[in-house]
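Down below is the structure, laid out as structure tokens.
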Amino acid sequence: MSLHRRHLMLLAATAAAGGAHPFARADNSAPIADVNEAINQSGRQRMLSQRMGKAWLAIGLGVDVARAQKALAESMALFERQLQALTAYAPTPEFKQSCGQMAPLWANYQAMLQVAPGAARSEAVRTQGDRVLILAHQSTQQLERFAEQPVARLVNLAGRQRMLSQRLAKCHLALSWGAPVAETQAQILSARRDFVAAHSVLSQAPQTTAAIQQELALVQQQWFFFDHVLARGDASPDTGASHVFVSSENILQVMERITGLYARLGA
């Protein structure tokens with residue numbers, strides 16, 4: 001069986017297992033109930049910073065445009081809702097200050113993303129997205145320290161896998177926009193290593209249930225195809241870039257479920 005056919009079969013299995021879109025649970029507007037859900041949402045902000053950049057680049061490149069447009073709109077709306085929810089929850093002065101610092105960063109990024117994609121603006125969009133990522137990661141680490149629970153680390157780590165899937169795809173697409181090759185390839189290599197290492201930690205954690213192990217096994221299968229395309233370095237819109245976009249969305253879908261399962265363990 002060809003690699004492409006095996007990939008299509010895996011995508012179908014993922015869709016059947018996942019049901020609704022990745023953020024079906026995230027679309028409600030209920031207040032944050034506990035610190036593990038706060039870690040989940042704050043960690044999701046990291047991912048959204050990269051997913052929005054990925055989608056913006058994909059639209060400009062003509063890669064899965066309809067799906068990219070939906071991903072961008074969905075991610076922008078969710079980021080705004082979660083920022084409001086996290087600011088309202090803020091369990092410590094330190095975290096509240098981080099939420100306040102995020103507001104202007106997000107406003108600038110949001111404005112950039114609303115401009116039609118173009119090569120001249122791509123570097124600024126990538127840079128601003130990474131600023132948002134850095135602060136969102138800092139905020140998530142603050143919540144993990146506040147939680148003082150072993151499972152909080154797993155919620156954070158699983159949530160970071162979501163971000164890495166999107167960062168890898170964003171960096172891959174950025175190569176077609178003239179991003180510095182050596183620097184971008186180094187970012188890809190670092191993210192690939194981090195993803196593999198974290199997957200091993202999650203798989204071996206004593207808190208990882210049989211249900212989570214099943215989901216992690218599905219991620220491992222998807223990662224095989226995703227990493228294969230990344231390693232080839234094929235960024236052409238009609239082949240490599242499209243496969244990377246779709247694979248990153250599918251890994252995200254499963255990691256979203258996994259992060260939610262860890263969050264509910266600690267509830």
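Because the structure is predicted, anything quoted here is derived from the model rather than measured.
- At a threshold of 4.0 Å, the pair R264-D34 does not count as salt-bridged, since none of the basic side-chain nitrogens sits closer than that to a carboxylate oxygen.
- At least one donor-acceptor pair under 3.5 Å links the side chain of S165 to the backbone N or O of R162.
- Closest heavy-atom contact between A68 and A58: CB-CB, 3.9 Å.
- The distance from atom OH of Y262 to atom CG of N40, rounded to the nearest 0.5 Å, is 13.0 Å.
- Within the 4.5 Å cutoff, the side chain of T209 has no heavy atoms near those of the Q214 side chain.
- Counting only heavy atoms from C-beta outward, the side chains of M112 and R121 never approach each other to under 4.5 Å.
- Distance check, rounded to the nearest 0.5 Å: OG1 of T87 to CD of Q82 gives 11.0 Å.
- Counting heavy atoms from C-beta on, the side chains of S98 and Q138 come closer than 4.5 Å.
- The CD1 atom of I258 lies 4.0 Å from the CG atom of L216; values are rounded to the nearest 0.5 Å.
- When all heavy atoms of W56 and A116 are compared, the closest pair comes out as CZ2-O, 4.1 Å.
- Panel note: side chain Q213, backbone S203; a donor-acceptor pair is recorded below 3.5 Å.
- The CG atom of L202 sits 6.0 Å away from atom CE of M255, with the distance rounded to the nearest 0.5 Å.
- When side chains are defined from C-beta on, L218 counts as touching R257, because their heavy atoms get closer than 4.5 Å.
- Side-chain contact between F195 and W223 is present, with at least one heavy-atom pair separated by less than 4.5 Å.
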Handout entry: Working for side-chain contact (heavy atoms from CB on, under 4.5 Å), residues Q142 and T92
Key = CA-CA 9 Å; Q142 290 168 352; T92 67; 5.6 Å; no
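- At least one donor-acceptor pair closer than 3.5 Å links the side chain of S139 to the backbone N or O of L135.
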Practice task
Report the C-alpha distance between Q253 and Q222 in whole Å, list the side-chain angles of each, state the deciding distance to 0.1 Å, and finish with yes or no for side-chain contact (heavy atoms from CB on, under 4.5 Å).
Solution key: CA-CA 11 Å; Q253 181 175 338; Q222 293 169 327; over 6 Å; no
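- Two different hydrophobic clusters hold L189 and F226 under the rule that ILVMFWY side chains link at heavy-atom gaps under 4.5 Å.
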Handout entry: N250 vs F225, side-chain contact (heavy atoms from CB on, under 4.5 Å): CA-CA, chis, key distance, verdict
Key = CA-CA 11 Å; N250 285 310; F225 297 102; over 6 Å; no
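- Ionic pairing of R51 and E74 is present here: one or more N-O contacts between side-chain nitrogen and carboxylate oxygen are shorter than 4.0 angstrom.
- Taken from NE2 in H172 to CZ in R167, the straight-line distance is 15.0 Å, to the nearest 0.5 Å.
- Here L143 contributes atom CG and E37 contributes atom CD; the two are 11.0 Å apart, rounded to the nearest 0.5 Å.
- Judged by distance alone, the side chain of T127 and the main-chain N or O of A124 form no donor-acceptor pair under 3.5 Å.
- At most 12 heavy atoms of other shown residues, nucleotides or ligands fall within 6.0 angstrom of atom CD in E148.
- Residue pairs meeting the ring-ring contact (aromatic ring centres under 6.0 Å, His included) criterion with at least one partner in residues 102-133, sequence neighbours excluded, are F79-W106.
- If you chain together hydrophobic residues whose side chains sit under 4.5 Å apart, V201 and I251 fall into the same group.
- Between T140 and G43, the closest heavy-atom pair is OG1-N, 3.4 Å.
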Exercise for the section: Would you check, one step at a time, whether the test side-chain contact (heavy atoms from CB on, under 4.5 Å) holds for Q149 with V35? Expected result: CA-CA 10 Å; Q149 304 173 23; V35 67; 3.9 Å; yes
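- Of all non-hydrogen atoms in P117 and W177, the two that sit nearest each other are C-CH2, 4.1 Å.
- By the 4.5 Å heavy-atom criterion applied to side chains, R67 and V246 are counted as neighbours.
- At distances below 3.5 Å, not a single donor-acceptor pair connects side-chain atoms of Q50 with backbone N or O atoms of L133.
- Listed here is the closest heavy atom pair of V125 and L113: CG1-CD2, 4.1 Å.
- No donor-acceptor pair closer than 3.5 Å links the side chain of Q166 to the backbone N or O of L48.
- The pair E144-R153 does not meet the salt-bridge criterion, since no charged nitrogen lies less than 4.0 angstrom from a carboxylate oxygen.
- A continuous path of hydrophobic side-chain contacts links V196 to V219 [ILVMFWY only; heavy atoms under 4.5 Å].
- For the residue pair Q128/R131, the side-chain donor-acceptor check at 3.5 Å is satisfied.
- Considering N156, L265, I39 as possible partners of V151, the one that fulfils the side-chain contact (heavy atoms from CB on, under 4.5 Å) test is L265.
- Contacts of E80 classified as salt bridge (Lys or Arg N to Asp or Glu O under 4.0 Å), with partners at least two apart in sequence or in another chain: none.
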Handout entry: Pair Q220-H199, side-chain hydrogen bond (donor to acceptor under 3.5 Å, both in side chains): steps then yes or no
Key = CA-CA 8 Å; Q220 185 62 43; H199 188 86; 3.3 Å; yes
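- Pairing each heavy atom of A38 with each of I32, the nearest pair is N-CG2, 3.7 Å.
- Every residue meeting the salt bridge (Lys or Arg N to Asp or Glu O under 4.0 Å) condition with R145, not counting sequence neighbours, appears here in chain and number order: E94.
- Side-chain contact between Q45 and M102: absent, with no pair of heavy atoms (C-beta onward) separated by less than 4.5 Å.
- No side-chain donor-acceptor contact under 3.5 Å links S247 to the backbone of V244.
- Here the side chains of H137 and R160 are in contact, with some heavy-atom distance below 4.5 Å.
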